[in-house]
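These notes concern the structure reproduced below.
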Amino acid sequence: MQKRMLELIDIINEADYNYHTLDNPTITDQEYDKYLRELFEIEEAHPEWVLEDSPTKHAGGQIIEGFEKVTHNIPMMSLSDVFSSSELIAFDERIKKEGIKPQYVCELKIDGLSVSLLYKKGKLIRAATRGDGTIGEDITHNVKTIKSVPLKLKEEIDIEVRGEIFMNKKTLEELNKKRKEKNEPLLQNCRNAAAGSIRQLDSKIAAERKLDSFIYHLPNPLDYDLYNHHDALEYMKGLGFKTNPNNRVVNSIEEVIEFIDEKATIRPNLPYDIDGVVIKVNNIKDQQKMGYTAKYPKWATAYKFPAEEVLTKLTDIIFTVGRTGQITPNAVLEPVIVAGSTVSRATLHNEDYVKEKDLKIGDIVSIRKAGDVIPEVVEVKKERRTGAESDFAMIKECPMCHTNLIKKEGQVDYYCSNTKCPARHIESLIHFVSRDAMNIDGLGDRIMEDFYNFGFIGSVADIYSLKEHEQDLKRLEGFGDKSITNLLSAIEKSKENSLEKLIFGLGIPHVGAKTAKLLAGYFKEMDNLEKTTIEDLINIPDIGEIIAKSVTTYFENPHNKAIVEELKDLGLNMKYLGQKIEINEKFANKSFVLTGSLQIFTREEAKEKIESFGGKTTDSVSKKTSVVIVGENPGSKYKKAQDLGIEIWTEEEFKENIENA
């Protein structure tokens with residue numbers, strides 16, 4: 001019977017290795033359970049035969065009083081973080097300055113809990129957390145329950161390896177389903193669930209959580225005659241450890257960026273959470289040459305994907321006046337990085353929005369970027385309130401001119417009724433020079449406010465006469481000869497913009513950037529747009545009665561007509577320079593979504609093609625989507641389109657439809 005016990009251990013260990021490490025199951029779940037049950041029965045009958053590394057240890061059962069401290073012989077250092085391509089390039093340049101021609105290994109950054117595994121003669125004797133990098137906690141009793149962590153290696157060697165413990169998305173979903181049935185609090189995310197499971201004193205609880213692992217680091221590869229990191233990964237895999245197959249050796253930082261873009265696309269479809277990509281110099285001797293800072297290795301870094309949602313403090317709520325007089329409350333936030341950029345402001349839209357979210361000044365709030373562009377407050381973390389927070393109160397007067405605010409019937413917004421309010425005028429000027437409008441580089445919000453207050457710019461036409469104030473500009477702080485030349489050059493260049501930029505810049509109510517492009521493509525010249533009628537406008541796809549009335553009303557106003565005439569005299573282009581819009585039944589009045597990597601067109605080219613035939617593009621798939629165009633490695637949008645039964649075109653089909661149109 002003892003011989004059978006050893007046979008069962010070999011069978012189960014081999015099955016665990018094939019399933020968890022190689023992702024290539026060789027026996028069925030039913031067979032596995034049968035062998036494991038048989039082994040349990042033998043060990044129960046003969047406890048004196050039980051081996052320390054028996055696979056039954058994966059089932060848990062040990063309860064400890066507390067976590068013992070562990071000192072790492074080699075410190076477990078964390079990695080420096082980068083958030084952009086420019087920071088990656090700077091990382092690459094620092095390495096090249098040391099005379100190194102780097103080859104990199106790119107690996108997925110698993111969103112879990114770091115672990116150190118220590119083996120003696122091939123047997124797991126200790127597992128520890130990173131802790132502060134020098135001292136961690138002994139979590140061996142729980143790590144032994146993780147089936148992808150081998151209790152016995154394929155060689156009887158002494159070795160320490162490091163990696164990540166994590167929970168799969170499906171496991172979290174199943175756990176929460178059971179917890180919901182029992183009215184237990186739901187686990188918030190995979191990372192927290194994994195960390196919480198590892199810190200259980202009862203290993204049965206950890207075993208029930210079905211944790212997983214990837215091993216990614218050998219602290220002392222030269223001791224095993226390994227001279228690059230990728231070989232170390234292969235060596236650890238050969239010993240029986242589970243390593244992540246999504247790694248790649250690359251020869252340039254450009255290839256690193258390609259890897260990151262590729263993995264960002266497949267990220268939603270992975271069975272586990274990742275929060276970035278780790279980049280390491282492959283050659284161990286080069287790693288040693290680069291060395292370490294007090295906290296990080298200089299030869300590695302972690303590119304962090306833009307955060308989907310982060311927490312920060314709402315320090316104040318201030319009010320701004322828009323170009324139509326609309327009053328908008330805005331969140332003032334403790335600066336925080338969201339989606340790769342620092343955010344310190346977010347719009348709160350209107351009084352009802354603030355009250356609906358129950359926001360108080362001093363609250364901890366979650367922030368995300370809507371459509372990866374505009375920061376928005378998602379929710380307040382009420383459990384973090386201390387009692388020191390203060391209530392929101394809507395103002396009664398315009399913050400700029402102190403005119404009493406009005407609220408139009410049936411609307412949620414407050415307005416400053418003073419048509420000559422300087423804030424309204426400044427906002428219209430800022431809008432005119434903004435990126436989607438005339439796109440004049442160098443005329444940011446604050447500079448426009450200063451130029452208005454100095455009397456340099458009082459109307460949009462004054463922007464094109466700013467060169468008359470060149471000597472005045474030279475007396476201002478921060479304006480040298482070069483910056484003034486660049487600014488005046490940018491102003492002059494903006495005269496060449498296509499008509500849609502000017503239409504949007506004029507600030508016609510209800511006319512956004514897309515509508516402006518649609519109007520420019522349809523009417524082709526400003527003169528034609530000025531003479532149009534409501535009837536002409538509502539015959540254009542996506543132009544309704546509200547927009548049509550707004551456009552005709554704008555050009556009926558003598559003041560507005562005078563502005564356009566003045567801009568004509570100043571030499572601004574009044575013609576559409578883009579593609580002519582030809583209404584086509586395959587595209588007209590249809591909504592398109594692009595997903596995956598396009599090979600024939602760039603995304604901008606594809607969008608322009610769609611719009612040139614009367615269609616429009618959106619970023620997300622919904623029941624209103626007409627067609628989803630898929631490139632290589634399409635993400636979750638492709639799957640959602642399939643689930644909703646939405647028409648799907650390959651890029652080749654898209655090309656054919658364009659050519660036929």
Side-chain angles (χ1 to χ4, degrees), residues 71-82 85-110 114-120 122 128 130 133-134 136 153-164 214-260 263 276-304:
T71 300
H72 301 296
N73 292 329
I74 302 173
M76 285 187 73
M77 301 186 106
S78 53
L79 295 175
S80 61
D81 292 332
V82 295
S85 297
S86 60
E87 289 180 291
L88 282 169
I89 292 167
F91 166 73
D92 182 57
E93 288 172 350
R94 285 194 296 273
I95 290 167
K96 288 177 177 175
K97 279 182 182 177
E98 298 297 323
I100 295 170
K101 187 178 180 182
Q103 186 182 63
Y104 297 111
V105 179
C106 299
E107 302 170 71
L108 300 185
K109 188 175 184 298
I110 310 301
S114 296
V115 67
S116 163
L117 304 176
L118 184 64
Y119 290 78
K120 295 291 184 183
R130 173 187 281 140
T134 302
L153 301 180
K154 292 187 174 294
E155 294 180 25
E156 293 185 2
I157 60 169
D158 296 349
I159 195 169
E160 181 192 1
V161 299
R162 292 166 180 178
E164 201 84 1
F214 283 124
I215 301 303
Y216 54 68
H217 182 58
L218 181 59
N220 53 338
L222 295 179
D223 291 351
Y224 303 90
D225 293 326
L226 298 166
Y227 297 94
N228 67 62
H229 174 63
H230 193 263
D231 285 349
L233 288 174
E234 291 299 311
Y235 177 67
M236 291 186 291
K237 181 179 177 181
L239 290 175
F241 294 108
K242 183 177 181 179
T243 59
N244 195 304
N246 288 290
N247 64 68
R248 184 181 302 162
V249 178
V250 301
N251 295 306
S252 69
I253 203 67
E254 288 76 23
E255 289 181 42
V256 169
I257 293 168
E258 286 176 13
F259 181 91
I260 289 169
K263 298 311 173 188
V277 169
V278 174
I279 303 100
K280 301 173 183 173
V281 171
N282 192 25
N283 186 283
I284 304 300
K285 293 289 180 68
D286 288 342
Q287 291 183 8
Q288 292 178 331
K289 185 176 181 180
M290 289 299 300
Y292 300 81
T293 68
K295 296 174 67 176
Y296 311 119
K298 294 180 182 179
W299 44 266
T301 195
Y303 173 87
K304 299 293 285 289

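Small disclaimer: the values here were computed from a predicted structure and weren't measured. Keep in mind that the numbers below use all heavy atoms, side chains included, and drop hydrogens, waters and symmetry copies.
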With heavy-atom distances below 4.5 Å as the criterion, would you say the side chains of [X] and [Y] are in contact?
X: Leu117; Y: Phe241; value: yes
X: Ile157; Y: Leu239; value: yes
X: Ser78; Y: Arg130; value: yes
X: Glu258; Y: Arg248; value: no
X: Pro102; Y: Asp286; value: no
X: Val256; Y: Ile260; value: yes

Closest approach of [X] and [Y], non-hydrogen atoms and distance?
X: Lys120; Y: Asp158; answer: CA-OD1, 3.3 Å
X: Val115; Y: Glu164; answer: CG1-N, 4.3 Å
X: Leu233; Y: Val105; answer: CD1-CG1, 4.4 Å
X: Pro297; Y: Met77; answer: CD-CB, 4.2 Å
X: Pro219; Y: Val161; answer: CD-CA, 4.4 Å
X: Lys280; Y: Ala300; answer: CG-CB, 3.9 Å

If I take atom [atom1] from residue [X] and atom [atom2] from residue [Y], how far apart are they, to the nearest 0.5 angstrom?
X: Ile89; Y: Lys96; atom1: CD1; atom2: NZ; result: 9.5 Å
X: Leu108; Y: Asn247; atom1: CG; atom2: CG; result: 8.5 Å
X: Phe259; Y: Ile257; atom1: CZ; atom2: CD1; result: 13.5 Å
X: Lys109; Y: Tyr303; atom1: NZ; atom2: OH; result: 13.0 Å
X: Asn282; Y: Asn228; atom1: CG; atom2: CG; result: 4.0 Å
X: Glu98; Y: Lys298; atom1: CD; atom2: NZ; result: 7.0 Å

Check your understanding: For the residue pair Tyr104 and Phe91, does the interplanar ring angle fall in the parallel (under 30°), tilted (30 to 60°) or perpendicular (over 60°) class?
Key ->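 Tilted: the ring planes of Tyr104 and Phe91 meet at 30° to 60°.
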
Check your understanding: In terms of the angle between their ring planes, are His217 and His229 parallel, tilted or perpendicular, with boundaries placed at 30° and 60°?
Key ->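 Ring orientation, 0 to 90° scale: tilted.
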
Using modelled atom types only, decide if a donor and an acceptor are shared between the side chain of [X] and the backbone of [Y] within a distance under 3.5 Å.
X: Ser116; Y: Ala128; result: no
X: Lys263; Y: Val277; result: no
X: Asn220; Y: Asp223; result: no
X: Gln287; Y: Val281; result: yes

Check your understanding: Would Asn244 and Glu107 count as a side chain to side chain contact (heavy atoms under 4.5 Å, CB included) if you check the C-alpha gap in whole Å, the side-chain angles of each, and the deciding distance to 0.1 Å?
Key -> CA-CA 8 Å; Asn244 195 304; Glu107 302 170 71; over 6 Å; no

Point to revise | Check against side chain to side chain contact (heavy atoms under 4.5 Å, CB included), Ile159 and Tyr235 | key: CA-CA 12 Å; Ile159 195 169; Tyr235 177 67; 4.0 Å; yes

Practice item. List for me each residue that meets side-chain contact (heavy atoms from CB on, under 4.5 Å) alongside Glu156, sequence neighbours excluded, and say none if there are none. Key: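 For Glu156, no residue satisfies side-chain contact (heavy atoms from CB on, under 4.5 Å) once neighbours in sequence are set aside.
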
Exercise for review: Give a yes or no on whether Lys154 atom NZ has more than 12 heavy-atom contacts from other residues, nucleotides or ligands under 6.0 Å away.
Suggested key: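 Buried by this count: over 12 neighbours within 6.0 Å.
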
